[in-house]
Amino acid sequence: QVQLVESGGGLVQAGDSLRLSCAASGLTFSSYNTGWFRQAPGKEREFVAAITWSGRNTDHADDVKGRFTISRDNAKNTAYLQMNSLKPEDTAVYYCAGTARRISRNRNDYAYWGQGTQVTVSS
């Protein structure tokens, strides 16, 4: 049974940092590309960042580029999202996802999803 479990969310102030983790089990993590998405209340789930299975290639959405960094540690079956200089508009539930396809900004390309972790940024 494939499981992706996010952690590390919380309530922070604007300008603070958080690091989200996504622990994977039930799959050969090092064979899957991984993405982070987020969903704010009343909005669609949107792409944040993605990383290839090797960690060699990454992609970040324009509005987080330079502030957020995706990474992974295949030895720990874990992916990370380092979030710096957080803004109130970053408030959302953050989800990690896995895909056997090439990394993508399209959520429909991801087969496996975690339950999400809440990030709230106060002004």
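FYI, side chains are in, hydrogens and waters are out, and symmetry mates aren't considered; it's all heavy atoms of this structure. Heads up: numbering here begins at 1 and tracks the sequence.
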TODO: Could you grab the distance from atom CG of L18 to atom CZ of F68, nearest 0.5 Å is fine?
DONE: 9.0 Å
Open item on the list: Would you compute the distance between atom CG of N57 and atom CD1 of I103 and round it to the nearest 0.5 angstrom?
Closed with: 6.0 Å
Would you mind reporting whether [Y] and [X] have side-chain heavy atoms less than 4.5 Å apart?
X	Y	answer
T91	L86	no
W36	L20	yes
R107	Y95	no

Task: Pairs flagged by salt bridge (Lys or Arg N to Asp or Glu O under 4.0 Å) wherever residues 86-98 is involved - sequence neighbours left out - done: R38-D90, R67-D90
- [ ] Could you name each residue pair satisfying salt bridge (Lys or Arg N to Asp or Glu O under 4.0 Å) that touches residues 7-21, not counting sequence neighbours?
- [x] none
Task: Cluster check V12, L81: I/L/V/M/F/W/Y, side chain < 4.5 angstrom - done: yes
Open item on the list: The criterion is side chain to side chain contact (heavy atoms under 4.5 Å, CB included); which residues satisfy it with A61, sequence neighbours excluded?
Closed with: F47, D63, V64
TODO: Under the salt bridge (charged side-chain N to carboxylate O under 4.0 Å, His left out) rule, collect the residues that match up with D109, sequence neighbours excluded.
DONE: R101
Open item on the list: The criterion is salt bridge (charged side-chain N to carboxylate O under 4.0 Å, His left out); which residues satisfy it with D59, sequence neighbours excluded?
Closed with: R105
TODO: Kindly write out the residues that satisfy side chain to side chain donor-acceptor pair (under 3.5 Å) with Q39, not counting sequence neighbours, or none if the list is empty.
DONE: R45
TODO: Please name all residues satisfying ring pair (Phe, Tyr, Trp, His ring centres under 6.0 Å) with W53, sequence neighbours left out, ordered by chain then number.
DONE: none
Open item on the list: Going by ring pair (Phe, Tyr, Trp, His ring centres under 6.0 Å), name the residues that satisfy it together with Y110, two or more places apart in sequence or in a different chain.
Closed with: F37
What heavy-atom pair brings [X] and [Y] nearest, and what distance separates the two atoms?
X	Y	value
A79	T34	CB-CG2, 3.8 Å
T117	G8	OG1-N, 4.3 Å
A40	A92	N-CB, 3.8 Å
V93	G116	CG1-CA, 3.8 Å

TODO: Would you check if the side chain of H60 reaches a backbone N or O of A50 as a donor-acceptor pair within less than 3.5 Å?
DONE: no
Open item on the list: Any side-chain to backbone donor/acceptor pair from E6 onto Q115? Under 3.5 Å, distance only.
Closed with: yes
Task: Within residues 45-105 or reaching into it, pairs that qualify as disulfide bond (SG atoms under 2.5 Å apart) - sequence neighbours excluded - done: C22-C96
Open item on the list: Taking side-chain hydrogen bond (donor to acceptor under 3.5 Å, both in side chains) as the cut-off, I'd like each qualifying pair that reaches into residues 74-85, sequence neighbours left out, listed once.
Closed with: S17-N84, R72-N74, Q82-N84
Open item on the list: Going by side-chain hydrogen bond (donor to acceptor under 3.5 Å, both in side chains), name the pairs with one or both residues in residues 22-31, residues two or more places apart or in two chains.
Closed with: none
- [ ] Return each pair, listed once, that meets ring-ring contact (aromatic ring centres under 6.0 Å, His included) where at least one residue sits in residues 8-32; pairs must be two or more places apart or across chains.
- [x] Y32-Y112
